[in-house]
Amino acid sequence: MSAVAHEKGESGNTRGAVRAYAAPSLFYVAVFVGLAALTALTVLQSTFDLGKLNMLLGVGIATLKALLVLGFFMHLAWDNKFYAYIVVTAIFFVGVFYTYTTNDTEKRGLRDPDQSGKILPATGAPAPGGFSP
Amino acid sequence: MAAITTAPGYHEEVDPNASYLENKKGLLSWLFTLDHKRIGVMYLLSVIIAFTLGGLFALLMRAELLTRGRTLMDADTYNKMFSLHGVIMVFLFLIPAIPASLGNILLPIQLGAKDVAFPRLNLLSYYIYVFGACFGIYSMIHGGVDTGWTFYTPYSTSDPAHGGVGSSSAVIPMTLAVLVLGFSSVLTGVNFIATIHKMRAPGLSWRRLSLFAWSLYATAIIQILATPVLAITFLLLTLERFLGIGIFDPRLGGDPVLYQHFFWFYSHPAVYIMIVPGMGIVSDLIATFSRREPFGYMAIAMSSIALALLGFLVWGHHLFVAGMSEYATMVFSALTFLVAIPSGVKVFNWIATLYKGSISLQSPMLWALSFIFLFTIGGLTGLFLGMLAVDVHLHDTYFVVAHFHYVMVGGTVMGFFGGLHYWWPKFTGRLYDEKWAVAGWFFVFVGFNVTFLVQFLLGSRGMPRRYYDYLPQYESLHQISTVGSWILGLGFLILAAMFVRSLFSGKPAPRNPWGSAAYEWLTPSPPPTFNFAKDPVFERGPYDYQVATDEELYDGFDDPLFPEKGVAEGEARA
Amino acid sequence: MSMEATAAEHDGYARPKWLAHHFYTPAQQFNTAKLGMWLFIAQEILFFGALFVAYGVYRNWYPEMFKLASHQLDKTLGAANTLVLLFSSLMAALAVSAAQKGKRMATGTYLLVTIACACVFLAIKFVEYKHKVDLGLLPGTHFEPNLPHGVPSLPANSGSFFALYFLMTGLHALHVLVGIGVLTWIWIRNLRGAFSKENYTAVFVAALYWHFVDIVWIYLFPALYLI
């Protein structure tokens with residue numbers, strides 16, 4: 001991102017003109033076909049019970065689709081890298097939020113069973129005030 | 001080039017040499033303006049009104065705490081006082097104050113640009129702010145909130161109509177108000193990052209950016225990334241209250257601590273929104289009033305960015321005693337220590353700038369020096385709170401209250417007033433009375449310390465915060481604190497009177513009353529609508545005192561070392 | 001010495017009418033608009049991201065409940081909606097391409113198809129919502145399921161799943177609605193000939209927003225429907 005250096009030039013110079021890459025239309029159609037195929041794939045994988053792998057595959061395929069949209073439909077692949085950094089930063093902080101929150105919510109009562117646990121350590125019964133589904 | 005330019009985006013012709021105050025007069029020209037300076041002035045008026053209202057609630061609070069038991073009001077009203085004081089001060093004053101008012105006025109000028117990147121978005125930001133403020137006022141008229149500015153569940157999500165204890169329904173319009181105000185904040189952030197990236201004049205490289213601009217950049221990052229989470233938090237809170245969705249209710253399988261995670265994921269970075277621009281102002285003030293470039297310029301700039309990014313990692317330190325897992329508390333505590341480092345970098349660099357600088361103790365500098373002193377106290381006491389074992393004793397006591405007032409008032413408010421004094425001649429074209437300024441500063445400084453220093457003692461001796469009544473042993477300290485609040489209020493009154501007087505009968509300001517080398521002092525006071533009469537090209541940095549010419553530095557500045565400079569023939573000294 | 005009057009900076013360079021007063025060149029205006037939209041998208045990522053965090057935390061607590069409640073959602077309609085949105089994204093990308101080449105009619109047509117797809121999406125969503133309302137699968141305390149016979153009953157706190165379902169898809173649908181509004185306005189401006197090979201900023205930036213709305217659904221679909 002350099003400072004603007006506007007040109008003192010002859011009239012009609014195109015130095016400051018808008019320039020953005022335009023892929024051929026067929027390319028975009030190909031990307032769409034890829035996206036549709038990945039959608040079919042993700043529906044397919046959900047019909048089989050693969051345990052934890054289901055969720056990983058779901059997120060993974062969704063991420064691949066998102067990357068296709070980001071990279072080609074939204075032109076990130078051909079544009080200034082800074083826009084990609086913006087997206088990565090935002091996703092990074094969502095990750096931070098999720099990781100640190102679950103670091104708490106999933107690990108209650110592990111070190112000190114008397115604190116915040118869902119099971120009373122002495123009796124093994126569920127702690128009062130909680131919820132029984 | 002024609003004397004009058006018709007520019008697309010401006011529906012009327014604009015005289016490029018007339019000041020922005022003179023060009024196109026009338027209320028409508030202000031309400032529909034696209035000029036960032038006018039928008040900034042409107043924001044300034046609004047945040048000052050908010051500050052006054054919040055301050056009023058604070059004075060009432062402290063008056064109530066003058067004696068034990070009932071002094072002025074009952075307990076429920078007291079709860080509303082501290083909640084409204086908090087909400088107004090945080091969301092209507094501290095978050096927008098420096099970026100939206102001083103930032104809007106100064107940033108494009110400091111960049112040599114004609115305006116911000118998106119002028120219409122800027123105006124929209126202001127109207128969203130006003131809209132949000134209206135929701136807040138509506139909530140206050142309907143009884144106000146008494147949940148504290150943090151709106152913790154389950155109190156805020158319980159409706160007393162469903163039996164049992166609950167907060168009044170004024171919670172909903174208030175949280176909606178904050179949600180709307182958040183959008184104003186986000187759009188300002190978007191505008192500023194785009195402006196700093198794209199609107200810098202030729203010659204203004206990243207290394208020549210003013211430290212205030214760097215701080216606004218860091219603040220904008222936080223505004224963009226953190227505020228949406230607050231919006232979601234309050235949406236969830238509203239749905240919890242109306243629909244009982246159970247996400248924060250243990251009886252339905254939810255978790256009230258989850259609300260705190262959501263709330264503080266925004267609100268901790270929010271405190272960096274409040275302090276980082278203040279630090280940016282202080283950097284600029286220290287440089288000008290030491291008459292040299294800041295020591296460790298890049299370190300200060302990068303520490304702003306570091307604060308912005310690290311500030312997202314530490315929110316859990318507000319939840320240490322809420323029932324988090326020990327693993328989480330340990331991680332958050334360690335990270336809290338880390339986040340203190342960039343602040344320390346700044347303080348050391350400021351002091352190094354002062355060393356062997358040519359220091360002048362004019363009124364803006366008094367505020368800057370106060371900032372360094374008071375923010376250091378506030379920051380260090382924050383570290384006490386970041387220690388797990390210590391926080392067990394200090395959480396929810398007056399120690400916390402004293403800590404955050406030292407950083408927010410001793411920090412942000414000092415920075416805000418310093419900037420206001422410093423740039424007042426620039427954007428109003430008037431000088432204020434220096435004697436009144438020093439008097440006002442003195443009362444504010446003394447009053448602030450009297451009010452809040454004793455609160456560290458109150459807190460460490462066990463006085464809980466947000467309490468209406470207290471044990472006898474705390475009474476004398478509370479009384480000292482209350483008297484301090486009156487001195488503080490007097491100080492602000494003096495300043496208000498001084499500024500109003502300046503508007504009506506202040507001397508016309510010269511172009512550069514402080515002798516600063518920064519770019520905003522190269523244009524007249526007040527600036528023309530498009531900021532500079534001709535598009536600038538910068539060939540030196542904003543702190544390059546050795547390279548700046550006498551003509552740039554000595555227009556209205558009396559340098560005691562060189563009394564012959566700066567006084568034009570036949571002109572009276574300023 | 002520090003400020004050079006660039007006396008003739010505007011001479012010799014004809015400023016187009018659509019170039020705002022505070023920009024030097026069209027490229028600056030275009031790139032600034034793109035940057036602004038990407039920053040706005042960053043904010044939206046955090047907005048929906050926070051919802052996904054709530055979803056994640058909740059799903060970790062009650063995986064079985066999530067599974068059972070999710071089976072009440074219609075995968076076919078969800079997949080259909082996904083394809084509709086992906087197709088609308090393709091149309092938006094082609095609209096931008098056409099605008100870059102200055103093809104006014106093509107741009108308008110592609111925009112119209114994009115808007116039509118968006119409306120189809122909302123229609124399918126309406127059908128789905130109606131189905132939930134009929135079965136009493138509503139958020140929170142309004143969760144009163146009356147499932148048909150033979151279907152296993154849902155856990156008592158399934159109201160939380162449906163709360164997240166309605167909140168996430170509802171906010172997404174709101175963004176779709178706003179997108180329809182924005183794209184319609186762009187279509188109208190295109191009809192009036194506001195865009196050309198040199199100036200297609202608004203089309204590009206509106207399409208960026210639309211693609212982002214699509215990406216949110218790309219994640220919502222497996223998260224809510226394919227558990």
Side-chain angles (χ1 to χ4, degrees), chain B residues 1 5 7-10 108 113-119 121 186 189-191 193-194 197-199 202 220 224-229 231-233 235-236 239-240 242-247 252-255 258 261-262 265 519 522 530 532-540 544 547-549 552, chain C residues 1-11 15-24 28-29 31-51 53-54 57-58 61-62 65 138-143 155-164 166-167 171:
Chain B
M1 195 160 107
T5 317
Y10 272 78
K114 289 198 180 67
D115 209 322
V116 289
F118 308 116
L121 197 68
V186 168
V190 168
N191 226 333
I193 293 193
H197 269 281
K198 294 292 186 188
M199 310 294 290
I224 292 175
L225 294 179
T227 319
V229 179
I232 293 291
T233 308
L235 268 176
L236 287 172
L239 285 178
E240 175 88 20
F242 280 143
L243 298 176
I245 56 176
I247 191 161
L252 295 170
D255 182 12
L258 187 63
H261 275 293
F262 269 75
F265 182 82
Y519 299 144
L522 297 170
F530 290 148
F532 292 88
K534 295 192 167 85
D535 294 342
V537 174
F538 295 115
E539 287 167 19
R540 63 165 174 86
D544 288 343
V547 180
T549 65
E552 288 162 2
Chain C
M1 199 188 119
S2 80
M3 257 177 64
E4 205 181 86
T6 52
E9 77 275 355
H10 291 308
D11 292 349
R15 287 184 71 94
K17 271 190 66 164
W18 41 263
L19 183 59
H21 73 285
H22 55 294
F23 289 116
Y24 288 123
Q28 187 191 13
Q29 179 170 279
N31 289 327
T32 308
K34 264 200 293 190
L35 179 60
M37 181 49 81
W38 276 111
L39 292 168
F40 183 74
I41 288 174
Q43 178 269 134
E44 294 276 33
I45 293 177
L46 263 293
F47 187 76
F48 284 101
L51 280 172
V53 169
V57 167
Y58 230 77
W61 286 335
Y62 306 108
M65 180 273 275
L138 293 173
T141 48
H142 299 270
F143 177 68
N157 65 341
S158 302
S160 302
F161 172 83
F162 288 103
L164 280 170
F166 276 106
L167 185 59
L171 278 173

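Just so it is clear: chains get the letters A, B, ... in the order the sequence lines come, proteins before strands, and each one is counted from 1.
A 4.5 Å side-chain heavy-atom check between His22(C) and Phe530(B) finds every atom pair outside the cut-off. Side-chain atoms of Gln43(C) and Thr227(B), non-hydrogen and from C-beta on, never get closer than 4.5 Å to each other. Residues Asn31(C) and His197(B) fail the side-chain proximity criterion, which asks for heavy atoms closer than 4.5 Å.
Between Tyr24(C) and Pro202(B), the closest heavy-atom pair is OH-CD, 4.0 Å. Closest approach of Met199(B) and Phe23(C) over heavy atoms only: SD-CE2, 3.4 Å. The two residues Phe47(C) and Ile232(B) come nearest to each other via the heavy atoms O-CG1, 3.3 Å.
If you tally non-hydrogen atom pairs under 4.5 Å between each of Leu46(C), Leu164(C), Leu138(C) and chain B, the highest count goes to Leu46(C).
Looking at Ala113(B), neither its backbone nor its side chain comes within 4.5 Å of chain C, counting heavy atoms on both sides. Only the side chain of Val186(B) comes within less than 4.5 Å of a heavy atom in chain C; its backbone stays farther off. Interface remark: Leu171(C) contributes side-chain atoms only to the contact with chain B (heavy atom separation under 4.5 Å). Only the side chain of Leu236(B) has a heavy atom closer than 4.5 Å to any heavy atom of chain C. Within the 4.5 angstrom heavy-atom criterion, atoms from both the backbone and the side chain of Ile247(B) approach chain C.
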Return all side-chain donor-acceptor pairs below 3.5 angstrom for residues 32-40 of chain C, not counting sequence neighbours, or 'none' if the list is empty.
from: Thr32(C); atom 1: OG1; to: Gln28(C); atom 2: O; distance (Å): 2.5
from: Lys34(C); atom 1: NZ; to: Asp79(A); atom 2: OD1; distance (Å): 2.7
from: Lys34(C); atom 1: NZ; to: Asp79(A); atom 2: OD2; distance (Å): 3.1

**Request:** Might you work through the side-chain contact (heavy atoms from CB on, under 4.5 Å) test for Leu258(B) and Trp61(C), ending with a clear yes or no?
**Result:** CA-CA 12 Å; Leu258(B) 187 63; Trp61(C) 286 335; 4.2 Å; yes
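Atom CG of Asp255(B) sits about 9.0 Å away from atom OH of Tyr58(C), to the nearest 0.5 Å. Summarising the geometry, atom CG belonging to Leu239(B) is positioned 12.0 Å from atom CZ belonging to Phe166(C); distances are rounded to the nearest 0.5 Å.
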